[in-house]
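Within every chain, numbering begins at 1; the chains are lettered A, B, ... in the order of the sequence lines, protein sequences first and strands thereafter.
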4 protein chains.
Amino acid sequence: MPSTPLRRTGRPRSTEADRAILDATRAALVELGWGKLTMGDVAARAGVAKTTLYRRWAGKNELVVDAVAALFDEHLELPDRGSLRADVEGVVLQFASLLERPETKTALMAVVAESTRDDALRDRIRSAIVDRQKSLVLIGRARAQTRGELPREPDETQAARNADLIFDVIAGAVVHRTLVSAEPVDEEWARGFTALVVGGLTAGAG
Amino acid sequence: MPSTPLRRTGRPRSTEADRAILDATRAALVELGWGKLTMGDVAARAGVAKTTLYRRWAGKNELVVDAVAALFDEHLELPDRGSLRADVEGVVLQFASLLERPETKTALMAVVAESTRDDALRDRIRSAIVDRQKSLVLIGRARAQTRGELPREPDETQAARNADLIFDVIAGAVVHRTLVSAEPVDEEWARGFTALVVGGLTAGAG
Amino acid sequence: MPSTPLRRTGRPRSTEADRAILDATRAALVELGWGKLTMGDVAARAGVAKTTLYRRWAGKNELVVDAVAALFDEHLELPDRGSLRADVEGVVLQFASLLERPETKTALMAVVAESTRDDALRDRIRSAIVDRQKSLVLIGRARAQTRGELPREPDETQAARNADLIFDVIAGAVVHRTLVSAEPVDEEWARGFTALVVGGLTAGAG
Amino acid sequence: MPSTPLRRTGRPRSTEADRAILDATRAALVELGWGKLTMGDVAARAGVAKTTLYRRWAGKNELVVDAVAALFDEHLELPDRGSLRADVEGVVLQFASLLERPETKTALMAVVAESTRDDALRDRIRSAIVDRQKSLVLIGRARAQTRGELPREPDETQAARNADLIFDVIAGAVVHRTLVSAEPVDEEWARGFTALVVGGLTAGAG
DNA sequence: GATTAAACGAGACGGTACGTCTAGTCTTGAA
DNA sequence: TTCAAGACTAGACGTACCGTCTCGTTTAATC
């Protein structure tokens, strides 16, 4: 979300412009990819002056993170599929189909790359993307524990560590398969991967 | 490696220049990161004309892939540590320490991002980086099978699929932890992760 | 002067604002010169909204002409110094000291430059600046004729032509010396110049 | 003239570009005037990149001075017309017709205005325009002295002062008549003006 | 030893995009 | 209706790199 300076006087910022800009950004990502996307082009697509972009976002990175983060909000959820195995497999396929979208494909890695040099950007990614995904892990684990598929962690520190680990394993494998290995995450792969993870989780517990 | 057009006449290309350019590229990555690295700056650092860069590499992406790939060659190996568990833990820590380097940190994700739009770049990454890492998986699995820690795959197709899966799980988790979650891969994390993976591999087998 | 549309309803315009704006304009001219003077800056200095400027003046040019014209009103007069020679020398030094002011120095040439492309601006300059200066020529000549230093013109057309000529010679020389040659108009120069002009006027008559 | 750094290595600057840029600048001045002339537009007209302009000239002011100065070189000369009166009248009409050109009309005053704030620009104007005009005064006076129309100055200091005075009177009157009063310099005006100046010069001497 | 052909440095070239700035207009709520 | 505040469109600014090109100068292998 753009910075909201909470003013009281003067003309208020156009909320339409916000939407138009983010939509235009996603459209430009699809057509041009991260590398060729330009601020001027986004402004033109949104029917907005460049100044209006820069009044809200400090630069390309911030804008793209926000534009992409919105997709994570809309497309990640964890319906109860009845078993840990089904839940993991479901979220893997769901996440993979999100990563296959042309607007996320390039943009995600690009902003991650930038974030290694930019603390503000890293925080933005963490709160806009990472934390939202992690919450799915927490939900899924709680369900599995309720079902008796997974033991409860002895203490909170350990619980948090395990959640982080599971998150990096699942998200990391899907991202790596999709973007680095550049191979499709199909049902077969998801089945194999889920077997490995669920096996590891239950074996490690036993 | 830069393109070598196999000429016979004329002044041969300076091999010093090759080295100087790759060194300069890594130095520039450390200081500036991917985003601020420019061809002109690399040329100046290397004491070389811009033309000389473009005579050898098509652009920034190709140059950086080669500069980073050299590090993968030098720093990835798989000594026999006596057990599957020790081998996995070792390679995880080794890969993590490579990713912590400032010259790889940004560069790797950046070229991956670019590769989603550029097939030639994807091939270069695959042969220069991905395949070299995968070969470690093959070596490690063969050892584990020799030791009797893992069963032999029934057929080659399945063997290849499993190797790819293990590769994406291990590399993906380390990359994601390091770059996306932006948390350190320390021995504790490596232990937990290894337990999960080895548990999954042996459980899935049993 | 700003346009005064003689309204009766609504909040009346602040007369303080008029003065504050013109003062701020002159202050900005001194500090920044014509080129760097901005409407936003003038508004801020005057403690006034930009809207208020545009409600009174059509743009930068009009505003600056008015701000400068006020100085011409205050600082140009022609006391009777007893002789044609003394009157000319006096007005030359007076005009020169006005042109030496930093707020007139740049502004005058700048608005003249703009006026070559803008008829409305040319008229504004003519009535706000040129005509006021010309009236001094008429006064001075009438005195000189009364004193018998100059003959009376045979007809009005010729009289007008001569007045225009004298005006352009005196004002032109002072402006050119000050702004183009960028040399000071000191008493010595004024003496030499006056000798030339008065010599020409009386010789031409004889 | 653009800055000439006298290099020996590297690709030499295109002399065609120099000409094309100055021509384009004059064309743009005619069409748009000083205020609307933009560097980008000049570059486009000249078929040249903006960078190429900025490599040679520091900005709009410098470029326009050079573009206009070229006209002064080409169009100001002082053929011997047989008498001081004829020489003065000739140069007045010649200078007036130069000032009437749309490309000089606005530009000259505009750069003079800027020069009041910019010493480098003032120097450029002095050497590119003022000094060249002054040399005509020196030539004309020498001729008049040879003809016996004017006395020789007693010393050099006085000679220089007089030359400067005559220059400011002639150039100033023509500029002021043309640009400030915005009236035409026709033969009649030139005759009247010449009578005044020549009268003053010879009367002052007598 | 002379020739030759490519690689070399330097740096100008046409372009594209950047992020900033200013002009002048429009929209809000308070006076 | 004006005011202060400030967001808005439009577009020029000067900078930085891009990747290409044109020079004149090495430099090794061939003649």
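We find that CE of M39(B) is positioned 17 Å from C1' of dT16(E), with the value rounded to whole Å. In this structure, the CZ atom of R56(C) is 17 Å from the P atom of dG24(E), given to the nearest Å. Between the C1' atom of dG14(F) and the OH atom of Y54(D) lies a distance of 5 Å, rounded to the nearest Å. Between E16(D) atom CD and dG14(E) atom C1' the separation is 15 Å, expressed in whole Å. Computed from coordinates, the W57(B) CH2 to dC18(F) C1' distance equals 18 Å when rounded to whole Å. L53(B) places its CG atom 14 Å from the C1' atom of dA10(E), with the value rounded to the nearest Å. Atoms CG (D18(A)) and C1' (dC8(F)) sit 13 Å apart, rounded to a whole Å. What separates CH2 of W34(C) from C1' of dA23(E) is a distance of 12 Å, to the nearest Å.
Listed candidates were dG19(F), dC13(E), dC23(F). Nearest to the side chain of P12(D) is dC23(F). Nearest to the side chain of V48(B), among dC13(F), dG9(E), dA4(F), sits dG9(E). Each of dG9(E), dG14(F), dT9(F) was ranked by its minimum atom distance to the side chain of A49(B); first place goes to dG9(E). Considering only side-chain atoms of R13(D), the nucleotide from dG14(E), dA12(E), dG24(E) that sits closest is dA12(E).
Projected onto DNA chain F by closest heavy-atom contact, T38(D) and T51(B) fall at different nucleotides, the more 5' of which corresponds to T38(D). Nearer to the 5' terminus of DNA chain F, by closest-nucleotide assignment, is the contact made by K36(B) (compared with the other of G10(D) and K36(B)). Residues K60(C) and D41(A) both approach DNA chain E. Their nearest nucleotides, taken by heavy-atom distance, put D41(A) toward the 5′ side.
Residue S115(D) comes nearest to L179(C) through the heavy atom pair OG-O, 4.4 Å, listed as atom of the first residue, atom of the second, then distance. Across all non-hydrogen atoms, the minimal contact from R117(B) to E31(A) is NH1-O, 3.5 Å. Considering every non-hydrogen atom in both L37(D) and A28(D), the closest pair reads CD1-CB, 3.8 Å.
At a threshold of 4.0 angstrom between heavy atoms, the contacts of L37(C) are confined to the sugar-phosphate backbone, with no base atom among them. G40(C) comes within contact range of the sugar-phosphate backbone alone, with a heavy-atom separation under 4.0 Å but no base atom that close. Using a 4.0 Å heavy-atom cutoff across all strands shown, S14(D) reaches sugar-phosphate atoms only and no base atom. Residue contacts shown for G47(C) are limited to sugar-phosphate atoms, with no base heavy atom under 4.0 Å away.
Phosphate proximity of dG14(E) to T52(D): present, with a side-chain N or O under 4.0 Å from OP1 or OP2. Distances shown here put every side-chain N or O of R55(B) at or beyond 4.0 Å from the OP1 or OP2 atom of dC21(F).
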### Derivation and outcome, side-chain contact (heavy atoms from CB on, under 4.5 Å), residues L29(C) and V68(C)
CA-CA 10 Å; L29(C) 278 172; V68(C) 171; 4.1 Å; yes
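When each of D66(B), D18(B), T51(B) is paired with R56(B), the side chain to side chain donor-acceptor pair (under 3.5 Å) condition holds for D18(B) and for no other.
No N or O donor and acceptor, one from the side chain of R11(B) and one from the base of dC8(E), sit under 3.5 Å apart. Judged by distance alone with a 3.5 Å cut-off, a donor-acceptor contact links the side chain of K50(B) to the base of dG19(F).
The side-chain tip of K105(A) does not point at the ring of W34(A) from less than 6.0 angstrom away and within 45° of straight on.
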